[in-house]
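Positions are given from 1 along the sequence. Whatever order the structure lists ligands and atoms in, that order sets their numbers, starting from 1.
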Amino acid sequence: MARHKKAKGTDVKRSLITQQDPRSHISEQYRTIRTNIQFASVDKELTTIVVTSSGPAEGKSTTVANLAVVFAQQGKQVLLIDSDLRKPTVHYTFNVSNTKGLTNVLTKQSALGEVVQPSMQENLSLLTSGPIPPNPAELLSSKAMEELIKEASATYDMVLFDSPPLLAVTDGQILASKCDGTLLIVSSGKTEIEQAIKAKDLLNSVNSHLLGVILNNKKLKNPHYYSYYGE
Ligand SMILES: Nc1ncnc2c1ncn2[C@@H]1O[C@H](COP(=O)(O)OP(=O)(O)O)[C@@H](O)[C@H]1O
Ligand SMILES: [Mg+2]
């Protein structure tokens, strides 16, 4: 994934290139990832996918949000769940409220259908994190989480999960063990090889189905040449 225009900080409104500029080379790369995911699942139904990485700020949230958009643009009913209960960003990216979300469902205060919100992208629904709990890993490994995943997979064609860094907390590993597939983000020039290997080992240890690795933040030699195509 090529480096694109960077948003500052985590708590500001972020822009989504696949929405704002669907014909750009970068949006095309997200569609290529979408195709590769579809090829990765020829003989196995792939509905729930977690996007994770070894460390912070490697592009998990950016990637999962853009993938959610390109799957929705293809006509799939998509639910994007912010299961990064440490540093949630889905509500900033899509500019929606986060007063209620995943944690309300996991603590049985709300039903899934009550807290899912529509987004500006047709076919894409959002489940934001909800209030940040003191015990994220416990909530994510609960029976309630399994029930939620079951209900979401029965309702949507595709359920994508954002997550916190694998090496920092166990949340990502827990999610990976519960989902049909995992995508591992590696940030060009940032992620250390040892960290990436450790992350892969953690995923293997929970028998997660690693669909592939996405190289993010790759600097293009001549970004202008690649900016647009077909115009
Ligand atoms: N391919 C990319 N090009 C430009 N900026 C990116 C890219 N991927 C991520 N970023 C930026 O890097 C920062 C961290 O990305 P984010 O997706 O929030 O990482 P994570 O969820 O892994 O912590 C954000 O400001 C985001 O906009
Ligand atoms: Mg994130």
Side-chain angles (χ1 to χ4, degrees), residues 1-22 24-34 36 49-70 80-96 98 101-103 119 126-130 132-133 136-137 140 160-176 179 182-192 195-196 198-200 202-203 212-224 226-228:
M1 179 52 47
R3 188 192 297 263
H4 44 93
K5 201 164 161 277
K6 200 174 167 132
K8 292 183 196 79
T10 52
D11 54 352
V12 289
K13 191 179 173 302
R14 294 155 158 235
S15 60
L16 275 169
I17 187 134
T18 45
Q19 267 233 317
Q20 292 188 344
D21 198 355
S24 66
H25 174 69
I26 289 164
S27 300
E28 184 55 30
Q29 290 187 322
Y30 284 113
R31 288 192 290 273
T32 302
I33 297 170
R34 177 185 70 191
N36 289 342
I49 298 177
V50 56
V51 174
T52 190
S53 78
S54 60
E58 292 177 322
K60 294 177 286 298
S61 300
T62 306
T63 305
V64 77
N66 281 290
L67 283 179
V69 169
V70 293
L80 171 60
I81 300 184
D82 199 343
S83 42
D84 184 347
L85 300 179
R86 319 269 173 171
K87 278 194 180 150
T89 55
V90 167
H91 55 293
Y92 296 126
T93 308
F94 291 89
N95 206 15
V96 295
N98 189 28
L102 175 62
T103 55
S119 73
L126 308 169
L127 179 60
T128 61
S129 69
I132 294 182
L140 294 175
L160 300 176
F161 294 82
D162 197 358
S163 69
L166 270 174
L167 301 190
V169 285
T170 57
D171 307 20
Q173 233 182 324
I174 295 168
L175 287 161
C179 288
T182 305
L183 289 171
L184 185 64
I185 310 289
V186 171
S187 183
S188 174
K190 181 172 186 191
T191 311
E192 304 277 340
Q195 289 181 319
K198 243 186 230 166
K200 187 172 162 281
L202 286 174
L203 294 173
V213 176
I214 297 173
L215 180 66
N216 190 32
N217 269 316
K218 180 88 183 89
K219 250 193 201 158
L220 295 180
K221 282 207 185 85
N222 186 352
H224 298 297
Y226 291 106
S227 293
Y228 290 91

Contact check, Thr89 vs ligand 1, heavy-atom distance below 4.0 Å
no
Kindly compute the distance separating CG (Leu215) from CD (Gln29), expressed to the nearest 0.5 Å.
9.5 Å
When you check the side-chain N and O atoms of Asn217 and Ser188, is any donor under 3.5 Å from an acceptor?
no
Taking both backbone and side chain into account, is any N, O or S atom of Thr62 nearer than 2.8 Å to the Mg ion (ligand 2)?
no
Going by distance only, is there an N or O of Glu58 that falls short of 3.5 Å from an N or O of ligand 1?
yes
Looking at CZ of Phe94 and CG of Leu16, how far apart are the two atoms once the value is rounded to the nearest 0.5 Å?
4.5 Å
Do Asn98 and Ser129 have a side chain donor and acceptor closer than 3.5 Å?
yes
Does the side chain of Ser54 pick up a donor-acceptor pair with the side chain of Thr191 at under 3.5 Å?
no
Closest candidate by heavy atom, reference atom 26 (C) of ligand 1, pool Asp162, Thr63, Ile26, Thr62
Thr62
Can an N or O of Ala57 be found at a distance shorter than 3.5 Å from an N or O of ligand 1?
yes
When you compare ligand 1 with Gly59, is there at least one nitrogen or oxygen pair between them that comes in under 3.5 angstrom?
yes
